[in-house]
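Encoded as structure tokens, the structure appears first; notes follow it.
Nothing fancy with the numbering, it's 1 onward along the sequence.
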Amino acid sequence: MKFKLLTAAVLTVAPLTAGHAMNIDTFLQKAAALEKKGMTALFSPDLKLLKREIEGAASQLRAERNTAVKAGAKTAYCPPSAKGSLDSKEVLTHFRAIPPAQQARMPVKDGLRSLLARKYPCR
């Protein structure tokens with residue numbers, strides 16, 4: 001009986017945690033803590049966490065854009081044919097410019113989408 005309850009609890013909670021996206025406020029808090037650490041930040045697990053968060057969001061946005069292009073739909077951003085790039089300062093500056101009330105509600109993916117739309121507008 002206990003095993004069935006535990007299994008049911010894990011199956012109920014697992015989808016919630018697997019799909020949880022970091023919001024911009026949390027991202028910026030972790031980034032600020034890393035900046036304070038200086039060179040020792042290179043050894044922090046939070047650095048890898050933030051990198052994975054950005055890479056995951058970028059990958060999802062790329063997939064969404066490719067799907068929209070194939071469907072002939074409008075895309076949120078139009079990068080140059082050569083591979084565009086963003087550096088960490090550019091991302092942090094854009095995220096910090098988002099009003100604090102929105103930072104707490106906005107997932108990193110949406111913040112990254114707004115940066116890409118600003119940097120690579122569709123004409």
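- Residues F27 and L92 come closest through the heavy atom pair CE2-CD2, 3.8 Å.
- By the 4.5 Å heavy-atom criterion applied to side chains, L34 and S44 are counted as neighbours.
- Counting all heavy atoms, side chain and backbone alike, Q103 lies closest to R96 at NE2-O, 3.7 Å.
- Heavy atoms only, all atoms of each residue included: V69 and T75 are closest at CG2-CG2, 3.7 Å.
- Here the straight-line distance linking atom OG of S88 with atom CD of E35 works out to 8.0 Å at 0.5 Å rounding.
- Counting only distance, with no hydrogens or angles, the side chain of N23 and the backbone of M106 share no donor-acceptor pair below 3.5 Å.
- K48 contributes atom NZ, which lies 12.0 Å from atom CD of E55 (distance to the nearest 0.5 angstrom).
- Shown here for E53 and M22, the closest heavy-atom pair between the two residues is OE2-N, 3.2 Å.
- Within the model, atoms NZ of K30 and CG of L50 stand 7.0 Å from one another, a figure rounded to the nearest 0.5 Å.
- A distance of 8.0 Å separates OG1 of T93 from CG of D87, quoted to the nearest 0.5 Å.
- Put simply, the side chain of Q102 does not reach to within 4.5 Å of the side chain of I24, judged on heavy atoms.
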Residues 112-123 side chain polar contacts: donor-acceptor under 3.5 Å, at least two apart:
{"unit_1": "R113", "atom_1": "NH1", "unit_2": "D110", "atom_2": "OD1", "d": "2.7"}
{"unit_1": "R113", "atom_1": "NH2", "unit_2": "E64", "atom_2": "OE1", "d": "2.8"}
{"unit_1": "S114", "atom_1": "OG", "unit_2": "H94", "atom_2": "NE2", "d": "2.7"}
{"unit_1": "S114", "atom_1": "OG", "unit_2": "G111", "atom_2": "O", "d": "2.8"}
{"unit_1": "K119", "atom_1": "NZ", "unit_2": "S85", "atom_2": "O", "d": "2.7"}
{"unit_1": "K119", "atom_1": "NZ", "unit_2": "E90", "atom_2": "OE1", "d": "3.2"}
{"unit_1": "K119", "atom_1": "NZ", "unit_2": "E90", "atom_2": "OE2", "d": "3.2"}
{"unit_1": "Y120", "atom_1": "OH", "unit_2": "S85", "atom_2": "N", "d": "3.2"}

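- Side-chain atoms of R65 come within 3.5 Å of backbone N or O of Y77 as a donor-acceptor pair.
- Judged purely by atom type and a 3.5 angstrom limit, T67 uses its side chain to pair as donor or acceptor with the backbone of A63.
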